[in-house]
Amino acid sequence: MYFKSPMLRFLFGHGVIGGGAGIAIAAGLLVFDVAGLASLSMKSEPTWLGPFLLCFSFFASFSALAMGVAVMSFGGEDNDRDDGGTTVRHRMVPDTHGPASGDDDRAVVRIRK
């Protein structure tokens, strides 16, 4: 499957990776019968429904998680530079050159770029 949009390719790739990890974890839970999941699902009437719902819910959850993490970490190291004035970082510097006011409750703070 080929997407022309790079963002859709980006999301689809991460979604497939996350979904595969979710199915692998769900299958591992069923194979090792953790908390009696496999034996409980074999006692139900349609025996395929329990494992299917478990694998599908893990697939959906993990793929959404992987896509969310990918979108939130998109950009990475490029966020450290100034973007033409759109992002401004300030640092607070105490004003040591101004008149000294004997008041300890207030402090004069200059903010500069």
Side-chain angles (χ1 to χ4, degrees):
M1 180 178 279
Y2 180 74
F3 293 110
K4 288 186 178 183
S5 172
M7 187 55 138
L8 287 179
R9 280 190 307 230
F10 178 75
L11 288 175
F12 183 75
H14 284 86
V16 167
I17 291 170
I23 289 177
I25 290 174
L29 290 175
L30 289 173
V31 166
F32 294 114
D33 198 19
V34 175
L37 285 174
S39 60
L40 185 64
S41 68
M42 293 301 154
K43 292 178 184 176
S44 64
E45 187 57 36
T47 56
W48 60 270
L49 186 62
F52 172 75
L53 289 176
L54 181 72
C55 288
F56 181 75
S57 64
F58 270 59
F59 173 82
S61 298
F62 277 70
S63 63
L65 177 70
M67 286 189 288
V69 167
V71 167
M72 286 186 272
S73 64
F74 189 72
E77 299 166 0
D78 292 340
N79 291 339
D80 292 339
R81 63 186 162 107
D82 191 13
D83 296 334
T86 58
T87 304
V88 178
R89 293 196 175 99
H90 299 285
R91 62 179 200 160
M92 296 176 64
V93 179
D95 188 15
T96 56
H97 303 296
S101 64
D103 214 7
D104 289 338
D105 294 337
R106 293 175 29 177
V108 179
V109 176
R110 290 180 297 138
I111 298 177
R112 61 181 164 171
K113 290 183 184 180

Please report the shortest heavy-atom distance between [X] and [Y], naming the atom on each side.
X	Y	result
Arg9	Lys4	NH1-O, 4.1 Å
Leu30	Cys55	CD1-SG, 4.4 Å
Gly18	Ala66	CA-CB, 3.7 Å

Are [Y] and [X] linked, directly or through intermediate hydrophobic residues, by side-chain heavy-atom contacts shorter than 4.5 Å (ILVMFWY only)?
X	Y	value
Phe58	Phe32	yes
Val71	Met67	yes
Leu29	Leu53	no

To the nearest 0.5 Å, what is the distance between [atom1] ([X]) and [atom2] ([Y])?
X	Y	atom1	atom2	value
Ile17	Ser63	CD1	OG	11.5 Å
Phe62	Ile25	CZ	CD1	3.5 Å
Phe74	Leu11	CZ	CG	9.5 Å
Ile23	Leu54	CD1	CG	10.5 Å

